[in-house]
Every structure is written in structure tokens, then in C-alpha cells.
Amino acid sequence: MKQRVSALLREKLGREVVLEKPRDRSFGHFATPIAFSLAKELRKSPMLIAEDLASSFKDSSEFSSVESVKGYLNFRLSEDFLAEYATWALENPTAFAKQKKNQKILLEFVSANPTGPLHIGHARGAVYGDTLYRLAKHLGYDITAEYYVNDAGNQIDLLGLSIQLYARENILSEIDVEYPESYYRGEYLKDLANGAKEHFGIEILSDVSRQKELAMWAKDKVMEIVVDSLANTNIHFDTFVNESGLYSDWDRVMKKMGDNVYEKENKLWIKSKSKGDDHDRVVVRDDGRPTYLAGDIVYHNQKFERGYDHYINIWGADHHGYIPRVNAAIDFLGYDSSKLEVLLAQMVSLLKDGEPYKMSKRAGNVILMSDIVDEIGSDALRFIFASKKSDTALEFDLAEFKKQDSSNPIFYIQYAHARIQTLLSKATVSREDIENANLKNLGENADTLLFDALLLPEIVEDAFSSRQVQKLPEYLKSLAASLHKFYYDVRMIGTEDEAKLLKLLLVVALSIKTGLSLMGIEAKDRMLKEEE
RNA sequence: GCGCUCGUAGCUCAGCUGGAUAGAGCACUGGUUUGCGGUACCAGUGGUCACACGUUCGAAUCGUGUCGGGCGCACCA
């Protein structure tokens, strides 16, 4: 709709026009302050310009009125235009708000180390990434969701060690097991230790020389746990790339970097400082082991060789200092680093009884994503995280998070959808009558609701292109509110307008359902009643 | 110290490519059924948009500075 209106304006004025939502709906559907910016050039008062423009739209069929108010230009779409659009949407529900973009995007997110289950901090990036993915898919982008598995390096050795330590104390009942500070703890080690015992035999639990073997087996098991808990939240990946599989390409990639790599102190460095990084960075240590960055260089080379138009990485905010060196490496490889967009998901900090609650994988007191999902459900979790702007640090109380009442708007939205289904089931007219009804002369309230429901395509486009996923839940909340209000203001069943009013509700339901599905949430047809 | 980022109602957060009286939910107060699930609706209380200066016809929004919070400043991932 908005596109249509801007196109008309562009034609008329020969320039791009900023369209905005009027503060008050009585002003119309769209508004523009264009007259203010024209005032200077034309040396006329904004009021006069707006008047002139308004009268020039008198004959257009898209608008029922175009008015100038205090220099603003307010547009009201015609009933014909809205009715036609709504009818089209109902006839093509799967095409509603869809587009066909011509761009191949690689989206990498979560990419948590396979050393333990996902905790609540990972959930934020996971929800954010998956929502972006769904939006992009709907908008017709050719997008791939990828998980980078860091299955090489110290943390994997540590996993093997941690399993053995757990087993020695709890399965082999050794006393005086000494724990280094950096080992992992947590319930999941128990399952891994028992699983290893079954798979390899009990000896592997105490044989230090087999730590590596144990770790390589365990990290795959951990990945199964991770994938499983993501799936429980409706998050799926198209591809997984293992760090350990990338190093066979090492020599070729280094050659590609040319003289941007040099040797010093028996280590290998890249000249990232010349690209704005604080220092040059080590990629291979003097004992020959590659650093974390080494893996990322090979990985990003592989990404760019696969030939996408655009790359998005979602990282935790604590990795932001890492961006310059990765960009430097991409440039050195001969690719355009501006094609890589890094989105940072800010930290999630927890409060428990009003006190900051420190999670640490190594202390074993992490709040697992799967625990929260068990407790409040995937829908509520997704809604909460998708509602927050990703670049704001988030703080919440654990108790608050567990509440399942109206303080969580997902229930409010679901209720709106369920309410519509109830009304439809009580209809005294046939489904066919409803679908064929003419959406005209609905009255002001209904007209407003219809317009709100048809706004979804703009929201989806905006939410994705600005990477501001929270715009979708915001919209759904306000649409649900409009619906609830409408329900109280207007009686539908049994009235002579029943068919067209229910058709209007079908449009609202379509928007809610489509919007929720873009957040990985399924719209409910009925709410479970409390008590029996 | 340097870099990134945030600072909007008691709380959790929207609004930020400058534009019409600063929004929502929660909390608090008071109301709403002869009407389709009251898990809802309506109304009210509550704001120097951290502070200062600047740009502008116009600033929560842009710029500079100050203060405050978070994160980073590894050959850890």
C-alpha cells in the first residue's frame, strides 16, 4: 500500500517523498511533511504548497481524500482500494506480504561452541537470527542459515578432560580428584560420561591418552543436544560448517593472502593494523597451533568462494572488537568486506531476587535455554527476545521471566486470534457468503481495523531491512489491541453486516497468523481455559 | 587510558533516515455484562526524553562535550 502511495507521489512531484504514519488516525492513513521542505525552494509558505498539492490529487481513485492541515499533507485511502487489496489477500493467503527479492544471503548465527548445551544468553541471538531468517525468506531472499561449529582448539580438549574428571569422581568413585579452574561442569557431563562408557568401554574414562578421542566423540553428541534444543524453539539451520574440516585448505588460503601475512618470532601474523585494527594479529603460534582467527580466515574465505551477494553474522556484543581483524582478512583475500554485515546481539544479564546472577559455564550454574523453554514454552521465549531491540543490553528477573500471565503479550495476541476463530464458528452465514462479502461501508471503526490489518507487508519489509525485528511484535500487539477494542464496540453475529464484518476479521486473523509464523510461533485457534 | 554501545513514566521497553499534543505493557486508582470466552474493554495518576552547548523554521531523533551503566582492548574462544 505504502509503496503504491509513494509511487503516486513520486510521479506527481518528481522526487522521493517521506511517508509517515500520522500521530492520530483521524488525520488519515498516511501523511507527509513534504511541504515544509519544499517551502524553502519554492519560497512559498508550507500551507499554500500543501493546499496546492492536495487539490491536485482530487481525481485519483486510490484516495478518498487528500487534505492539507497546518502544512502537512494527509492521505486517506479509498474504500475500493482497501477492499480490493483485502480480497486479494484472502484469496492468496500464502502470497500475502510476500515479495521476490533477487539477492543471495548467507546468515550465520548461534555458532556456540560444542562444549555444552545452549544457555539463555545464546537464546537471544538464536531467536534474533531465526526471525531475520524467516522475514528474509518471506520477502523472497535466497537466504541460507548456517551454524559454524568450533570443533577445534583448546575448548575441545577441555571437554574431553572435563568428562574424565566427572567420571573419575562420580562413576569410578575416585577420591581426591583435582579440578583445574578451567574445566566445564554441568549435568550434561553425566550423560556424556555414561554414553562414552557404553560406546567405548569404561577404560576411556580414565585413560588420559584417549582424551582427544573422547572429546571428538563428545562434541558430536553435544551438537545433537544443541540442535535438539534449537528445534524445540522452531529454529533450524540449512548448513553446518565444521572448523576442523577447514584446515586442509590452509596452504592455499595463505597463498591467497599474499604478502599480507608475515613471519616474526617464529609465529605467523597478518597485517590487520594496516586495515584499521589496533594490532597485527597472530594466526599461527610458535608451537604451530593455529589461533581462533586462523579458523575464521579459512571459514570466511570459504564463505566468499561460495558466492553470496551479502553476508550477515550475528555475534554476541562481547565479540565486537573482533570485527576489524575479520574485515582485514577478507580484504586481504581479495574480497569486498563491505559485503559482510556483523550484527551484535547485546548481553543478557539476569537478576535473581533483585541481585545480579552470574552465569558461568565453568561454574556449572548456567540457566539453560531448554530449561526456560520447558518452563514458559517456546512461544513466550521467542516473543520476549524478539520484542527487544537487539542492541540494548537486556536485564530481567528470573521470576518475571517465568510469569505466564498477561504481562507476556504473546497471550494477548493469541487470544485475539482465538477470539476471531470463536466468532467464525458462531457465524449464522455461510463461509462462502463471508468470502464474497463486499468490504464497503464498514463504518469508521472497521475501516481503521482493516487498514491496520493490511499494514503487515510494510512492517515485514521494514523490520527486515532495518534489522529491527522488534517492529513485528510491536505491530502484532497493536493489531490485537485494535481487534479486542473492535470486538467490544461492534456486535457482529446476527447483524445484517455479519458477512462483511466477519470477512474483515478474516483479514485480521490472516495478518496475525502470518506475523506470528514469521516469529516461529503458531497461531492458536482456541485458548485453554484455566481450570478444567 | 582507548574503542564500541546504551541512558525515554516506579519497572520492562517502543519511538531515533528531524516534523503535528512523547507511546505501550506491567504496577497503581476508578469504572464497564440483559452483547458473540471479562485471559477483555474504558478512563485516570505518572515524563526537565541523563546533562550542557550547537545546527535548524522545527531536536527524544543530527553534531560536540560532560556524567553514568554495559562490553571489549589475547598468541581464550
Side-chain angles (χ1 to χ4, degrees), chain A residues 16 18 20-24 27 31-37 39-40 45-46 69-72 74 111-113 115 150 152-156 158 182 243 265 267-269 277-279 281-287 289-296 316-324 344 346-347 349 384 387-389 391-397 400-401 403-409 411-412 414-416 418-428 466 468 470-471 473-475 477-478 480-481 483-495 498 501-502 526-530:
Chain A
E16 277 305 319
V18 180
E20 54 193 37
K21 211 172 82 185
R23 196 154 294 285
D24 189 323
F27 287 131
T32 175
I34 183 70
F36 290 97
S37 31
K40 218 174 222 172
S45 96
V69 181
K70 293 200 285 188
Y72 289 85
N74 297 329
S111 297
N113 290 340
T115 53
N150 289 118
N154 291 339
Q155 78 281 3
I156 293 298
L158 218 49
S182 55
E243 183 186 3
E265 299 163 5
K267 303 167 201 169
L268 205 60
W269 303 69
D277 196 4
D278 297 340
H279 312 277
R281 304 288 170 178
V282 172
V283 286
V284 180
R285 289 173 268 232
D286 49 10
D287 61 3
R289 284 157 50 232
T291 63
Y292 183 73
L293 179 60
D296 252 335
D318 52 346
H319 284 58
H320 75 256
Y322 200 73
I323 297 172
L344 299 175
Q346 282 292 338
M347 302 289 103
S349 55
I384 288 169
S387 305
K388 315 291 181 190
K389 208 168 42 174
D391 54 3
T392 311
L394 182 62
E395 194 174 74
F396 54 68
D397 205 303
E400 190 85 3
F401 203 30
K403 278 206 292 194
Q404 206 166 6
D405 58 18
S406 61
S407 65
N408 190 340
F411 293 96
Y412 182 80
Q414 291 283 25
Y415 184 46
R419 181 163 253 176
I420 292 171
Q421 304 311 318
T422 305
L423 285 169
L424 288 169
S425 72
K426 302 210 165 162
T428 61
S466 64
Q468 309 261 298
Q470 80 281 358
K471 289 181 177 182
E474 282 294 320
Y475 164 74
K477 260 192 283 184
S478 77
L483 183 276
H484 287 306
K485 180 169 161 50
F486 187 72
Y487 175 88
Y488 279 89
D489 289 345
V490 181
R491 166 137 182 114
M492 288 167 259
I493 304 298
T495 67
E498 177 173 341
L501 290 173
L502 289 178
R526 28 189 316 251
M527 304 297 283
L528 292 175
K529 279 186 186 169
E530 259 176 52

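Order of the sequence lines sets the chain letters (A, B, ...), proteins ahead of strands, with each chain counted from 1. What you see is a predicted model; the values in this text were computed from it and never measured.
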Undergrad: What nucleotide among rG37(B), rA77(B), rG15(B) has an atom nearest to a side-chain atom of K471(A)?
TA: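 Nearest nucleotide to the side chain: rG15(B).
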Undergrad: In whole Å, I'd like the distance from the CD atom of Q346(A) to the C1' atom of rC13(B).
TA: 15 Å
Undergrad: If we take the P atom in both rC49(B) and rU61(B), what is their distance in whole Å?
TA: 10 Å
Undergrad: Do the side chains of K477(A) and E474(A) get close enough for a salt bridge, i.e. N-O under 4.0 angstrom?
TA: yes
Undergrad: Calculate the interatomic distance between Y292(A) atom OH and rG72(B) atom C1'; express it in whole Å.
TA: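 Interatomic distance, OH of Y292(A) to C1' of rG72(B): 15 Å.
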Undergrad: What's the closest nucleotide to the side chain of K426(A) if the choices are rC36(B), rA14(B), rA20(B)?
TA: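 Per side-chain heavy atoms of K426(A), the pick is rC36(B).
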Undergrad: Once you round it to whole Å, what is the distance between P of rU12(B) and CD of Q470(A)?
TA: 17 Å
Undergrad: Within the 4.0 Å heavy-atom criterion, would you say H484(A) contacts the bases, only the backbone, or no part of the nucleic acid?
TA: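 Answer is sugar-phosphate: H484(A) comes under 4.0 Å of backbone atoms only.
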Undergrad: Could you tell me how far rG10(B) sits from rA27(B) if I compare only their C1' atoms? Round to whole Å.
TA: 8 Å
Undergrad: Who is the Watson-Crick or G-U wobble partner of rG3(B), with both distances under 3.5 Å?
TA: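 rC71(B) - that is the nucleotide pairing with rG3(B), both distances being under 3.5 Å.
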Undergrad: Can you tell me if Y412(A) touches the phosphate of rC41(B), counting only side-chain N or O atoms and a distance under 4.0 Å to OP1 or OP2?
TA: yes
Undergrad: Mind checking who rG63(B) pairs with, Watson-Crick or G-U wobble, both distances under 3.5 Å?
TA: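 By the stated definition (distances under 3.5 Å), rC53(B) pairs with rG63(B).
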Undergrad: Select base, sugar-phosphate, or nothing to describe what A427(A) touches, counting heavy atoms under 4.0 Å on all strands.
TA: nothing
Undergrad: Please indicate yes or no: is the ring centre of F411(A) less than 5.5 Å from the centre of the six-membered base ring of rU39(B), with the two planes inclined by under 30 degrees?
TA: no
Undergrad: Within the 4.0 Å heavy-atom criterion, would you say E498(A) contacts the bases, only the backbone, or no part of the nucleic acid?
TA: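 The answer is nothing, as E498(A) stays clear of every strand by at least 4.0 Å.
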Undergrad: Can you tell me the base-pairing partner of rA77(B)? Count Watson-Crick or G-U wobble geometry only, both distances below 3.5 Å, and say none if there is no partner.
TA: none
Undergrad: So if I take every side-chain heavy atom of A31(A) and compare against rA20(B), rG15(B), rA77(B), which nucleotide ends up nearest?
TA: rA20(B)
Undergrad: Measuring only the C1' atom in each nucleotide, how far is rG47(B) from rU56(B)? A whole number of Å is fine.
TA: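 One C1' to the other, the span is 25 Å.
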Undergrad: Rounding to an integer number of Å, can you tell me how far I34(A) CD1 sits from rA20(B) C1'?
TA: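 Going from I34(A) (CD1) to rA20(B) (C1'), I get 16 Å.
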Undergrad: What nucleic acid atoms does Q414(A) come within less than 4.0 Å of, heavy atoms only: base, sugar-phosphate, or nothing?
TA: nothing
Undergrad: Between N154(A) and R289(A), which heavy-atom pair has the shortest distance, and what is it?
TA: OD1-NH2, 3.2 Å
Undergrad: Which nucleotide in the list rC36(B), rC71(B), rA74(B) gets nearest to the side chain of Y487(A)?
TA: rC36(B)
Undergrad: In the structure shown, which nucleotide is the Watson-Crick or G-U wobble counterpart of rU17(B), with both distances under 3.5 Å?
TA: none
Undergrad: Round to a whole Å and report the spacing from CE of M492(A) to P of rG37(B).
TA: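 Rounding to the nearest Å, CE of M492(A) and P of rG37(B) are 10 Å apart.
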Undergrad: Where the side chain of R491(A) is concerned, which of rA20(B), rG35(B), rA77(B) is the nearest nucleotide?
TA: rG35(B)
Undergrad: Restricting to non-hydrogen atoms, name the atom on T495(A) and the atom on L501(A) that form the minimum distance, rounded to 0.1 Å.
TA: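 Where T495(A) meets L501(A) most closely, the heavy atoms are OG1-CD1, 4.2 Å.
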Undergrad: Provide, to the nearest angstrom, the distance between the CD1 atom belonging to I384(A) and the P atom belonging to rA24(B).
TA: 21 Å
Undergrad: What nucleotide, of rC36(B), rA77(B), rU12(B), holds the atom closest to the side chain of H319(A)?
TA: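 Closest nucleotide among those given: rA77(B).
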Undergrad: Step by step, would you call Q421(A) with R526(A) a side chain to side chain contact (heavy atoms under 4.5 Å, CB included)?
TA: CA-CA 7 Å; Q421(A) 304 311 318; R526(A) 28 189 316 251; over 6 Å; no
Undergrad: Examine rG15(B): is either OP1 or OP2 under 4.0 Å from a nitrogen or oxygen in the side chain of Q468(A)? Give yes or no.
TA: yes
Undergrad: Show the nearest heavy-atom pair for residues A294(A) and V283(A), with the distance to one decimal.
TA: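 Minimum heavy-atom separation between A294(A) and V283(A): CB-O, 3.4 Å.
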Undergrad: Rounded to whole angstroms, how far apart are CG on D489(A) and C1' on rC41(B)?
TA: 8 Å
Undergrad: Search all heavy atoms of G316(A) against all heavy atoms of L344(A) and return the closest pair with its distance.
TA: O-CD2, 3.8 Å
Undergrad: Take Y322(A) and L293(A), measure what side chain to side chain contact (heavy atoms under 4.5 Å, CB included) needs, and give me the verdict at the end.
TA: CA-CA 9 Å; Y322(A) 200 73; L293(A) 179 60; 3.5 Å; yes
Undergrad: Which nucleotide in the list rA74(B), rC36(B), rA20(B) gets nearest to the side chain of N74(A)?
TA: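 Among the listed nucleotides, the one closest to the side chain of N74(A) is rA20(B).
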Undergrad: Checking base pairs now: Watson-Crick or wobble, both atom distances under 3.5 Å. What partners rG37(B)?
TA: none
Undergrad: Which is true for T291(A) with a 4.0 Å heavy-atom rule: it touches a base, it touches only sugar-phosphate, or it touches nothing?
TA: sugar-phosphate
Undergrad: Could you tell me how far rU8(B) sits from rG3(B) if I compare only their C1' atoms? Round to whole Å.
TA: 26 Å
Undergrad: With nearest nucleotides of RNA chain B determined for P33(A) and L423(A) from heavy-atom distances, which residue corresponds to the more 5′ nucleotide?
TA: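 Nearest nucleotide further toward 5': that of P33(A).
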Undergrad: To check you understand the geometry: which heavy-atom pair defines the closest contact between M492(A) and E498(A), and what is its length?
TA: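 For M492(A) versus E498(A), the nearest heavy atoms are O-CB, 3.5 Å.
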Undergrad: If you check every side-chain atom of K389(A), which of rA40(B), rC16(B), rA77(B) has the closest atom?
TA: rC16(B)
Undergrad: What integer number of Å spans the C1' atoms of rU39(B) and rG44(B)?
TA: 23 Å
Undergrad: Are K477(A) and rC13(B) close enough that a side-chain N or O sits under 4.0 Å from OP1 or OP2?
TA: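 Looking at the OP1 and OP2 atoms of rC13(B), neither is under 4.0 Å from any side-chain N or O of K477(A).
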Undergrad: Report the distance from atom CG of D318(A) to atom P of rG69(B), rounded to the nearest whole Å.
TA: 20 Å
Undergrad: Could you check V490(A) against H279(A) and say which one's nearest nucleotide on RNA chain B is further toward the 5' end?
TA: V490(A)
Undergrad: Under a 3.5 Å cut-off for both contacts, is rG47(B) paired Watson-Crick or G-U wobble with anything, and if yes, with which nucleotide?
TA: none
Undergrad: If you check every side-chain atom of D278(A), which of rG72(B), rG37(B), rC73(B) has the closest atom?
TA: rC73(B)
Undergrad: Taking rU66(B) as the reference, what is the distance to rG31(B) when you measure between their C1' atoms (whole Å, please)?
TA: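 It works out to 48 Å between them.
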Undergrad: Does H320(A) get its side chain close enough to the base of rG3(B), under 3.5 Å, for a donor-acceptor pair?
TA: yes
Undergrad: If the P atom of rU48(B) is compared with that of rA9(B), how far apart are they to the nearest Å?
TA: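 Looking at atom P only, rU48(B) and rA9(B) are 8 Å apart.
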Undergrad: What pair of heavy atoms forms the shortest contact from F411(A) to M527(A), and how long is it?
TA: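 Nearest heavy atoms, F411(A) then M527(A): O-CE, 3.8 Å.
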Undergrad: Enter the distance from Y415(A):OH to L483(A):CG here, rounded to the nearest 0.5 Å.
TA: 10.5 Å
Undergrad: With a cut-off of less than 4.0 Å, is there a side-chain N or O of N154(A) near OP1 or OP2 of rA77(B)?
TA: yes
Undergrad: Rounded to whole angstrom, note down the P distance from rG38(B) over to rG46(B).
TA: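 Each nucleotide's P atom is 32 Å from the other's.
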Undergrad: Taking 4.0 Å as the cut-off, does a side-chain nitrogen or oxygen of R419(A) come that near to OP1 or OP2 on rG38(B)?
TA: yes
Undergrad: What does D277(A) touch in the nucleic acid at a heavy-atom separation under 4.0 angstrom: a base, only the sugar-phosphate, or nothing?
TA: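 The residue D277(A) makes no contact with any strand.
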Undergrad: Please check the phosphate of rG38(B) (OP1 and OP2 only) for any side-chain N or O of Y488(A) closer than 4.0 Å.
TA: yes
